[in-house]
Peer 1: 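Please see the structure below; I have some questions.
Throughout, numbering of the chain's residues begins at 1 and tracks the sequence.
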Amino acid sequence: MTEETAGQLLARVLSAAGIGAAYGRPLPGLPVQVVSDPGVALLLAHAHRAVHATPAVAHLGEGTVVVTGASPEAVAGPAPTLPNARVVVADAAALAAAAPAVAQAIATSGLVLQLDLDLDTPVASRSHLAPPAVTEGWQEPDDDVVAGVAAAKRIVVLAGPGVVAQRAVGGLHALAAAGRLGVLNTWGAKGVFHWQSPHHWATVGLQELDFELGGLGGADLVLAVGIDEREAPSHLWAQYPHRVVTPASLGALAAGWRGTVPSFSDMPPLRSQLASVTQAGWASTATPVVPSLVTRHYAQVVGDGGLVAADAGRAGFWVARTFATTRLGGASVPAGAVNGWATGCVLVAGLVNPLRRAVAVVDGPLDDLSRAVLDEAARGGVAMGVEVWEDGGEELGPEAHCGRLEDVIANGGVVTLATDGRQIDEMVAVAGRVRAWTNDIQYPK
């Protein structure tokens, strides 16, 4: 066995769990993207997972290494907080033994590793790592689900971000194709289907009537999968006949499809009614620019491989509601109000791929964590484009906005934008009150 340092062993432990990056203070033996502010480091570790689909860690200093988790509780407040689970590592043997716990943590609520050892210390022999638990990725559906599918004539799928986090998008595609099913996705699963796919019925959860108008009321069976209660509160959809299925069972359910395979059901009214408002905005020449035209400019300027990241709020609503996704990862809007989210996502995108076109979209004024992210970007030489939506922002017409957006994305900078506030009234007239980020969740007792 070859000799290694405790720091190199730590790198192996993290790598074996599938962790792809580290942010924060330097650690011997581990490549770290140096970030001076601990709060920013923790935010970037969470943003990295959202943007790059691989987990990351944050070193907050003094040996405190935070392993980010995938469950909704991992980022559930204004700023990411430390996980409750903690493992104290005092020697190399304890570090090697922590490998399964690290692998488990990235699939749940995360973990704090407290490293009470010198990472420069040589390890006498190359320590064997206990293998992490194998994630099967394939699960047979429950018998009641199979029976419900076989009996139903009109099935609608309601898909949330768990489908993406558990890498089950392929199973979702297979199921939708097997049954010629329409799929409603919440905004954390934007991009699971191309916006022009007949399987893509709408992005839902943003407004109170989304589920009703999205076709759940006319379904014999709703298959709910990967749901985040913040994006799709159960009190808005669980009154319809439904079965909750696991993301891992989608492929098996598709392979053993026993339901009817009719022609595609008629598209429910939600999509067409929202599209009428959205597309009317595209034709507007008004100053200030109309929100749905702003998001169309985002799609045009960032391109197919780019990223639009938005904070919760007015700007986030319009990105989640009207940004036309062509693939996974093109847009990121958090399930809850997380300060600095948009800027954090754009920074981690730029750190990994400086040529990727990206823009952060936020409501003004900038919060302290967003400003701290911008400071870190400046220190790292990353040019970030940020557009701040606010009532006192710069009033631009469509052509001027599109031109300025090209410049901001190419060269970085923080700019303000006023938008026409009247279009939200048209959206509310279609689908009811905006409920996203309003804490209207009613958890089961």
Side-chain angles (χ1 to χ4, degrees), residues 78 187 206-207 277-302 306-324 330-334 337-347 349-350 357-378 382-428 434 436-438:
W187 69 89
L206 294 154
Q207 295 175 252
V277 177
T278 299
Q279 293 171 15
W282 293 352
S284 172
T285 59
T287 301
V289 68
V290 172
S292 69
L293 184 55
V294 174
T295 61
R296 191 182 196 196
H297 289 165
Y298 292 156
Q300 291 170 340
V301 176
V302 302
L307 171 68
V308 177
D311 284 347
R314 175 172 54 176
F317 169 82
W318 286 103
V319 170
R321 178 95 283 176
T322 64
F323 182 78
S332 179
V333 184
V338 182
N339 292 341
W341 184 256
T343 54
C345 287
V346 170
L347 178 53
R357 296 171 69 82
V359 63
V361 186
V362 304
D363 288 349
L366 284 176
D367 60 75
D368 291 342
L369 196 50
S370 294
R371 293 185 183 279
V373 171
L374 288 169
D375 290 342
E376 291 291 349
V382 177
M384 286 180 53
V386 181
E387 188 158 81
V388 182
W389 290 31
E390 56 187 11
D391 293 337
E394 188 171 355
E395 296 192 2
L396 300 174
E399 186 175 347
H401 175 257
C402 204
R404 188 186 70 173
L405 186 62
E406 288 273 8
D407 179 69
V408 167
I409 290 176
N411 302 308
V414 179
V415 296
T416 64
L417 179 70
T419 59
D420 190 333
R422 294 173 294 180
Q423 196 178 34
I424 188 63
D425 294 333
E426 299 175 57
M427 285 294 190
V428 170
V434 176
W437 316 296
T438 60

Peer 1: Could you note down all residue pairs passing side chain to side chain donor-acceptor pair (under 3.5 Å) where residues 277-293 supplies at least one of them, sequence neighbours left out?
Peer 2: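 Applying side chain to side chain donor-acceptor pair (under 3.5 Å) to every pair that reaches into residues 277-293, excluding sequence neighbours, yields Ser292-Gln423.
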Peer 1: Please evaluate residues Leu206 and Trp437 with respect to the criterion side chain to side chain contact (heavy atoms under 4.5 Å, CB included), reporting the C-alpha separation (whole Å), side-chain torsions for both, the decisive distance (0.1 Å), and the verdict.
Peer 2: CA-CA 9 Å; Leu206 294 154; Trp437 316 296; 4.3 Å; yes
Peer 1: If I take atom CG from residue Leu347 and atom OG from residue Ser370, how far apart are they, to the nearest 0.5 angstrom?
Peer 2: 11.5 Å
Peer 1: Which pair of non-hydrogen atoms, one from Glu395 and one from Ala418, has the smallest distance, and what is that distance?
Peer 2: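 Taking Glu395 first and Ala418 second, the nearest heavy atoms are CG-CB, 3.9 Å.
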Peer 1: Suppose we screen for salt bridge (Lys or Arg N to Asp or Glu O under 4.0 Å). Which residues come up paired with Glu394, at least two apart in sequence or across chains?
Peer 2: Arg404
Peer 1: From Thr343 OG1 over to Asp367 CG, what is the distance, rounded to the nearest 0.5 angstrom?
Peer 2: 7.0 Å
Peer 1: Looking only at non-hydrogen atoms, find the nearest pair between Ala310 and Trp341 and report the distance.
Peer 2: O-CD1, 3.9 Å
Peer 1: Suppose we screen for side-chain hydrogen bond (donor to acceptor under 3.5 Å, both in side chains). Which residues come up paired with Glu406, at least two apart in sequence or across chains?
Peer 2: Arg357
Peer 1: Report the distance from atom CD1 of Ile424 to atom CD of Gln207, rounding to the nearest 0.5 Å.
Peer 2: 6.0 Å
Peer 1: Determine the minimum heavy-atom distance between Leu366 and Leu374, stating which atoms define it.
Peer 2: CD1-CD1, 3.8 Å
Peer 1: Do any N or O atoms from the side chain of Asp311 and from the backbone of Ala342 form a donor-acceptor pair under 3.5 angstrom?
Peer 2: yes
Peer 1: Using a 4.5 Å cut-off on heavy atoms from C-beta on, say whether the side chain of Phe317 contacts that of Val434.
Peer 2: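 Val434 vs Phe317: side chains touch.
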Peer 1: If the plane angle is over 60° it's perpendicular, under 30° parallel, otherwise tilted; pick one for His401 and His297.
Peer 2: parallel
Peer 1: Please name the pair of heavy atoms, one in Tyr298 and one in Trp389, separated by the smallest distance, quoted to 0.1 Å.
Peer 2: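 Heavy atoms only, the tightest pair is OH-NE1, 3.0 Å.
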Peer 1: Is there a side chain to side chain contact (heavy atoms under 4.5 Å, CB included) between Asp407 and Val415? Walk through the geometry before answering.
Peer 2: CA-CA 11 Å; Asp407 179 69; Val415 296; over 6 Å; no
Peer 1: Quick check: closest heavy atoms across Val373 and Gly340, and the distance to 0.1 Å?
Peer 2: CG2-O, 4.5 Å
Peer 1: Inspect the surroundings of CG in Asp368 and state if more than 12 heavy atoms from other residues, nucleotides or ligands are less than 6.0 Å away.
Peer 2: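 No.
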Peer 1: With respect to Leu396, which candidate in Leu417, Thr419, Val289 satisfies the side chain to side chain contact (heavy atoms under 4.5 Å, CB included) definition?
Peer 2: Leu417
Peer 1: What's the shortest heavy-atom distance between Ala312 and Asp363, and which atoms?
Peer 2: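 The answer is O-OD2, 4.2 Å.
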Peer 1: Check for a donor-acceptor pair, side chain of Trp187 on one end and backbone N or O of Pro334 on the other, with a separation under 3.5 Å.
Peer 2: yes
